[in-house]
Engineer: 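I have a structure here, written as C-alpha cells, and I will follow up with some questions on it.
Nothing here was measured: the structure is a model prediction, and the numbers come from that model. Letters A, B, ... are given to chains in the order of the sequence lines, protein chains preceding strands, and every chain is numbered from 1.
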2 protein chains.
Amino acid sequence: MRTTEYTRDNMVDLLRQHGINPTHQRIEIAHALFSHYGHLCADQVMAITNAKHSETSKATVYNTLNLFLEKKMIREVIVDPSKVFYDPNTYPHHHFYNTATGELTDIDVEDIGLTGLPQLPPGLVTEGVDIIVRVRPSP
Amino acid sequence: MRTTEYTRDNMVDLLRQHGINPTHQRIEIAHALFSHYGHLCADQVMAITNAKHSETSKATVYNTLNLFLEKKMIREVIVDPSKVFYDPNTYPHHHFYNTATGELTDIDVEDIGLTGLPQLPPGLVTEGVDIIVRVRPSP
DNA sequence: CCAAGGGATTGGACTATGTCTAATTCTTCG
DNA sequence: CGAAGAATTAGACATAGTCCAATCCCTTGG
C-alpha cells in the first residue's frame with residue numbers, strides 16, 4: 001500500500017518514472033486520479049481538473065488517460081457497459097462492483113485464492129486476470 | 001451441456017419456459033443467439049436476423065435482448081468498453097478474452113477454484129462472480 | 001533574445017452504441 | 001367484427017469516445 005502524498009510535485013516524479021513528459025494538464029489529471037484515490041471515469045476526471053478554471057479539453061482528458069494506460073501508470077476497469085473506470089492502483093487486485101450504486105471497491109489479491117486456470121491455447125499469453133464480484137443491496 | 005437442437009420450434013418452448021410471449025422477431029433473435037452458440041453483440045444479432053429479409057428493427061433487437069436478460073434467458077458479458085456481448089450459456093462459467101481479436105471463449109466453472117472471497121459489507125448480497133482472463137497472441 | 005521545430009492541446013465535427021417516444025401494427029378474445 | 005393490450009417500428013435523441021486540422025507552447029540552437 002502506497003503512503004506517498006499526492007502532491008503535484010510527486011505527480012511530476014511519477015510521470016517521469018513512467019516516461020511521460022509532465023505538462024500542466026497531465027499533472028492535473030494525474031493529481032485528480034491519485035488524490036481521489038478511487039475509481040473515476042473520464043467525465044469525473046474532467047470535472048475535477050476543470051473545477052476551478054476550465055483549462056483542459058475533453059480531447060486532452062481522453063488522450064492523457066489513454067497515454068497513462070499505455071505507460072501502465074493506471075489501469076482500466078470494465079464493469080459498466082456505458083463507461084470505463086480508471087484505477088490508479090496498478091498493484092494486482094480485484095473488485096466488488098455494486099450494481100445499484102456503481103461503486104467499485106478493491107479486493108486485495110491476497111484475499112482471493114485462484115487455482116486451476118485451464119491451459120491457454122498455444123500462441124497465447126495471459127495479460128491479466130480480472131475478478132469482478134457483482135453485489136447489490138439485499139432486498 | 002445442452003445437446004438440444006436449436007430449431008425454431010425449440011426456441012418457442014424456450015421462450016415460453018422463461019415466460020416470454022414468442023413472437024416472430026423474438027423467435028428469430030433467440031435462434032440467432034442459440035444456434036450461433038457463442039458470444040454475439042447487438043449489431044451481429046441484428047445482422048443475422050435480417051440476413052435474408054430485413055424484418056427486425058434496431059429498437060426491437062435491443063428491446064428483445066434486454067427482455068431476454070431480464071428473464072435470465074441469456075447473460076451479458078462486459079469485457080469490451082465499446083459493446084456488450086450476449087451469452088446464451090447461463091450455466092455458471094467464466095471467460096478468456098482475446099484482446100487482439102475480440103474473441104471470447106468459455107471456461108468451465110469446474111476448472112477454476114476460487115477461495116477466500118472477502119466478506120461482503122452488511123446489507124449486500126452477491127449477484128455473481130465474473131472472472132475474465134485477458135489473453136493475447138505471444139509476441 | 002529570437003526563431004524554428006516538434007510535441008501537446010484544442011474545438012468541434014464525427015462515429016457508434018444504445019435509449020426513448022409516439023405512431024402503427026399485430027394478436028387475442030368477447 | 002371491433003376493442004384492448006401487447007409488440008414493433010422509424011427516427012430522433014443521448015452519450016462516450018475518437019479524429020483531425022489548427023493553434024499553442026516549450027525547448028533548443030544560433
Engineer: To the nearest angstrom, how far is B/Leu65 atom CG from C/dT17 atom C1'?
Structural biologist: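 These atoms are roughly 13 Å apart.
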Engineer: Can you tell me how far P of C/dT9 sits from CD of A/Glu28, to the nearest Å?
Structural biologist: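 The answer, rounded to whole Å, is 12 Å.
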Engineer: Any donor-acceptor pair under 3.5 Å linking the side chain of B/Asn10 with the backbone of B/Glu5?
Structural biologist: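 Pair found, side chain donor or acceptor close to backbone of B/Glu5.
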Engineer: Which whole-number value in Å describes the distance from A/Glu76 CD to D/dG17 C1'?
Structural biologist: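 After rounding, the gap between these two atoms is 12 Å.
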Engineer: Rounding to a whole Å, what distance do you find between B/Phe68:CZ and D/dA7:P?
Structural biologist: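 After rounding, the gap between these two atoms is 12 Å.
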Engineer: Between B/Asp106 (side chain only) and B/Asp108 (backbone N and O only), is there a donor and an acceptor less than 3.5 Å apart?
Structural biologist: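 Pair absent, no side-chain N/O of B/Asp106 close to backbone of B/Asp108.
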Engineer: So, the side chain of B/Ser138 versus the backbone of A/Gly123: is there a donor-acceptor pair under 3.5 Å, distance only?
Structural biologist: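 Between the backbone of A/Gly123 and the side chain of B/Ser138 there is a qualifying donor-acceptor contact (under 3.5 Å).
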Engineer: Please report the distance, rounded to the nearest Å, between CD1 in B/Ile27 and C1' in D/dT8.
Structural biologist: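 My rounded result for the distance is 14 Å.
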Engineer: Rounded to whole Å, how long is the line connecting atom CZ of A/Arg26 with atom C1' of D/dC26?
Structural biologist: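 In whole Å, D/dC26 C1' and A/Arg26 CZ are 13 Å from each other.
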Engineer: Can B/Gln25 and B/Thr64 be counted as having a side-chain donor-acceptor contact under 3.5 angstrom?
Structural biologist: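 No - no donor-acceptor pair under 3.5 Å links their side chains.
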Engineer: Tell me what B/Asn66 touches on the nucleic acid: a base, only sugar-phosphate, or nothing, going by heavy atoms under 4.0 Å.
Structural biologist: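 Sugar-phosphate contact only.
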Engineer: Could you list who else is in A/Tyr91's hydrophobic cluster, with ILVMFWY side chains joined at under 4.5 Å, directly or through other members?
Structural biologist: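 Once heavy-atom contacts under 4.5 Å are chained together, A/Tyr91 belongs with A/Val109.
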Engineer: What string of B, S and - do you get for nucleotides 21-30 of chain C, 5' to 3', when a contact is any protein heavy atom under 4.0 Å?
Structural biologist: ----------
Engineer: OP1, OP2 of D/dG17 versus side-chain N and O of B/Ser82: anything below 4.0 Å?
Structural biologist: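 Indeed not, no polar side-chain atom of B/Ser82 lies that close.
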Engineer: Which of the following nucleotides, C/dT10, C/dG18, D/dG17, is nearest to the side chain of A/Ser57?
Structural biologist: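 For the A/Ser57 side chain, the nearest candidate turns out to be C/dT10.
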Engineer: What I want to check is whether an N or O donor and acceptor connect the side chain of B/Lys58 with the base of D/dG11 at under 3.5 Å.
Structural biologist: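 By the distance-only test, no, there is no pair.
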Engineer: What contact category does A/Thr60 fall into here, base, sugar-phosphate, or nothing, at under 4.0 angstrom with non-hydrogen atoms?
Structural biologist: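 Counting heavy atoms under 4.0 Å across all strands, the contact made by A/Thr60 includes a base.
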Engineer: How many Å lie between CG on A/Asn50 and C1' on C/dG11, as a whole number?
Structural biologist: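 Going from CG in A/Asn50 over to C1' in C/dG11 covers 14 Å.
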Engineer: Would you mind reading off the distance between A/Glu55 atom CD and C/dT10 atom C1', rounded to a whole angstrom?
Structural biologist: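 After rounding, the gap between these two atoms is 13 Å.
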Engineer: Applying ring-ring contact (aromatic ring centres under 6.0 Å, His included), can you list everything that pairs with B/His95, at least two apart in sequence or on another chain?
Structural biologist: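 Listed in chain order: B/His39, B/His93.
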Engineer: I'd like to know if A/Lys83 reaches the base of D/dG17 with its side chain, counting only an N/O donor and acceptor under 3.5 Å.
Structural biologist: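 Side chain to base: no pair present.
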Engineer: Would one find a side-chain N or O of A/Tyr62 under 4.0 angstrom from OP1 or OP2 of D/dT18?
Structural biologist: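 No.
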Engineer: Do B/Asn66 and B/Glu70 make a side-chain contact, defined as non-hydrogen atoms from C-beta onward lying under 4.5 Å apart?
Structural biologist: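 No - every pair of side-chain heavy atoms lies 4.5 Å or more apart.
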Engineer: Any side-chain N or O of B/Thr56 under 4.0 Å from OP1/OP2 of D/dT9?
Structural biologist: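 So the side chain of B/Thr56 is outside the cut-off, no N or O lying under 4.0 Å from OP1 or OP2 of D/dT9.
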